[in-house]
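Comments concern the structure below.
None of these values were measured; they are calculated from a predicted model. For reference, positions follow the sequence shown, starting with 1.
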Amino acid sequence: MRRDSFVKFKALLKRSENIVIVTHWSPDGDAMGSSLALYNYLLKLKKKATVIVPNEYPEFLFWLPGNNKVLNFQTDAKKVAKVIDKADVIFTLDFNSFKRIEKLGDLVSASKAPKVLVDHHQQPDNYAEFVFHDVKACSTCELIYDFIIGLGDKKLIDKKIASCLYTGLMTDTGSFRFPSVTASTHKIIGDLMDKGAVPSEIHSAIYDTYSDDRMKLLGYALTEKMVVLPGKKLAYMSLSAGELKQFNYQKGDTEGLVNYPLSIKGIRFSALFNEADGKVKISFRSKGKYDVNKFARAHFNGGGHINAAGGRGDGDLNETINKFLELVNDPKFKV
Ligand code: 5GP
Ligand code: MN
């Protein structure tokens, strides 16, 4: 956001009492971290803020400060409609198209409240009065940090806000190892530690919470389900609803799984097909220049970043995998 926009935005914030924060379908660490960081910041400004999610999210995010006040549209639709109706301003965090919040998008787009888009994914839609968007940002949490600084409120960042922000910075960068990480990312981390965030505790709270079923599902997927096509520099895995059930699947259990094949020498593209919640959800990851956002947008009704994107299958699991194989077996397909 430009400086003059910050001035206008400050005026809007000043006259807004009820503030709604919405994040994307199947929220991840960055979605919840950025939303709850902003929520805790707005509380400090004495605003009435509410975080709304379109559906459930993994239990390993429940420790985030403010989590117990989050409204889930799937289980609390009436309350959500009331809160949106009263909103003076609506923040949309870590996504940039109403498609990403499914049916909740109808309520948000119908609301007359001005929208504020804060996001780092490719190709944003044009629905917001205020846009705080940077595809170079490693996470939406980085943008929320810049946003608080831009409003001149660094002094208001406390341990709660710092811990939420740290979470998104850590999870969206694969613990600070993706190319999106810059010196400024690490400077922000230093600042957040000064404000009270404790890296070892946050890392443990997010990553050391596997159930034995989840750990066995990981082993099963890698041992039994991973298909490596070295000539194509790619690998993929799939998990059917039945297989997930066999391992007592809980939301979040497959998070991070798609990254493992990229640790194989020479593999630069990884895909995971997952038959969860009655849909075929796909995750794509790449290393280097291959743009999985474009691939997901062109063929699987999805999108995301150059090196990390997601999408949906139109057909069942097998049809989706077959479509994928047809695409990657095309001689023109090169990673
Ligand atoms: P994941 O594979 O972890 O679900 O998602 C990878 C990245 O792509 C995340 O930044 C996520 O927000 C984005 N993403 C996942 N699924 C979709 C989708 O269906 N559409 C779009 N536009 N982005 C997605
Ligand atoms: Mn993100």
Side-chain angles (χ1 to χ4, degrees), residues 1 5 8-58 61-62 64-121 124-133 140-141 143-144 147-148 151 160-161 164-165 168 251 277 279 303 312:
M1 194 146 57
S5 309
K8 272 195 206 152
F9 181 77
K10 261 193 156 166
L12 169 71
L13 202 55
K14 203 165 179 196
R15 60 175 189 269
S16 301
E17 193 187 344
N18 296 302
I19 300 178
V20 163
I21 302 161
V22 178
T23 193
H24 62 75
W25 182 262
S26 288
D28 57 10
D30 191 32
M32 293 316 298
S34 59
S35 296
L36 286 167
L38 179 60
Y39 166 84
N40 284 300
Y41 165 66
L42 292 171
L43 291 192
K44 287 205 142 179
L45 298 182
K46 306 271 183 284
K47 305 290 179 187
K48 280 190 195 139
T50 311
V51 175
I52 296 172
V53 294
N55 67 331
E56 58 171 350
Y57 50 94
L61 297 171
F62 288 3
L64 287 166
N67 174 72
N68 57 347
K69 293 282 198 284
V70 173
L71 289 183
N72 178 345
F73 180 56
Q74 268 187 343
T75 52
D76 233 342
K78 270 195 190 145
K79 212 166 176 183
V80 165
K82 256 191 205 160
V83 173
I84 291 185
D85 189 51
K86 272 188 152 181
D88 299 314
V89 56
I90 300 179
F91 282 83
T92 68
L93 261 50
D94 202 36
F95 70 96
N96 59 35
S97 158
F98 288 143
K99 271 199 332 205
R100 287 287 285 141
I101 52 172
E102 307 266 329
K103 291 211 170 63
L104 177 59
D106 298 343
L107 284 182
V108 175
S109 62
S111 160
K112 294 211 169 61
K115 315 289 183 304
V116 185
L117 179 157
V118 188
D119 181 52
H120 65 136
H121 292 89
D125 283 355
N126 187 16
Y127 61 77
E129 278 73 6
F130 290 92
V131 175
F132 202 62
H133 180 261
T140 298
C141 278
L143 293 173
I144 291 292
F147 181 79
I148 296 174
L151 290 169
K160 285 185 193 173
I161 298 171
C164 291
L165 291 175
K251 190 98 194 163
D277 313 321
K279 296 180 183 116
R312 292 271 161 80

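Taking the side chain to side chain contact (heavy atoms under 4.5 Å, CB included) definition, one finds that K99 meets it with S97, N301, sequence neighbours left out. Under the rule for a ring-ring contact (aromatic ring centres under 6.0 Å, His included), F73 has no partner lying at least two apart in sequence or in another chain. Not counting sequence neighbours, D106 has no partner by the side-chain hydrogen bond (donor to acceptor under 3.5 Å, both in side chains) test. Looking at residues two or more places apart in sequence or on another chain, you find a ring-ring contact (aromatic ring centres under 6.0 Å, His included) between H120 and H305. Considering only residues two or more places apart in sequence or on other chains, K251 meets the side-chain hydrogen bond (donor to acceptor under 3.5 Å, both in side chains) condition with S26, D277. Listed by chain and residue number, V20, I90, A113 satisfy the side chain to side chain contact (heavy atoms under 4.5 Å, CB included) test with A87 (two or more places apart in sequence, or in another chain). Remark: E102 pairs with R312 by the side-chain hydrogen bond (donor to acceptor under 3.5 Å, both in side chains) rule, at least two apart or across chains.
Put simply, the side chain of D30 gets close to the backbone of C141: a donor and an acceptor are under 3.5 Å apart.
Going from atom OG of S34 over to atom CD1 of I144 covers 5.5 Å, rounded to the nearest 0.5 Å. Between L104 atom CG and H24 atom NE2 the span is 13.0 Å, to the nearest 0.5 Å. Within the model, atoms CD1 of I84 and CD1 of I52 stand 4.0 Å from one another, a figure rounded to the nearest 0.5 Å. Considering CD1 of I101 and CG of N55, their distance stands at 11.0 Å, rounded to 0.5 Å. Expressed to the nearest 0.5 Å, how far OH of Y39 lies from CZ of F91 amounts to 14.5 Å. One finds the CG atom of L45 at 9.0 Å from the CG atom of L38 (value rounded to the nearest 0.5 Å).
The side chain to side chain donor-acceptor pair (under 3.5 Å) analysis of residues 41-52, with sequence neighbours excluded, yields the pairs E17-K48, Y41-D153, K44-D158. Applying the side chain to side chain donor-acceptor pair (under 3.5 Å) definition to pairs two or more places apart or across chains, those involving residues 66-90 are Y57-N67. Within the structure, side chain to side chain donor-acceptor pair (under 3.5 Å) contacts touching residues 110-119 (residues at least two apart or in different chains) are N96-D119, D119-H121.
At least one side-chain heavy atom of D94 sits under 4.5 Å from a side-chain heavy atom of D28. Proximity of V70 to L36: side-chain heavy atoms (C-beta onward) are separated by under 4.5 Å at one or more points.
The two residues V53 and P27 have their closest heavy-atom pair at CG1-CG, 3.8 Å. The minimum heavy-atom distance between P65 and N40, with the atom names listed, is O-ND2, 3.0 Å. In plain terms, the two heavy atoms of C164 and L64 that are nearest each other are CA-CD2, 4.0 Å. Contact detail for P114 and L12: the closest heavy-atom pair is CG-CD1, 3.8 Å. The two residues F98 and S109 have their closest heavy-atom pair at CE1-CB, 3.5 Å. Smallest separation of non-hydrogen atoms from A37 and L165: CB-CD2, 3.5 Å.
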Side chain to side chain contact (heavy atoms under 4.5 Å, CB included) between I19 and L13, intermediate numbers included | CA-CA 9 Å; I19 300 178; L13 202 55; 3.9 Å; yes

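Remark: aromatic rings of F147 and F9 are close, center separation under 6.0 Å.
Remark: K14 NZ is loosely packed, at most 12 non-hydrogen atoms of other residues, nucleotides or ligands lying under 6.0 Å away.
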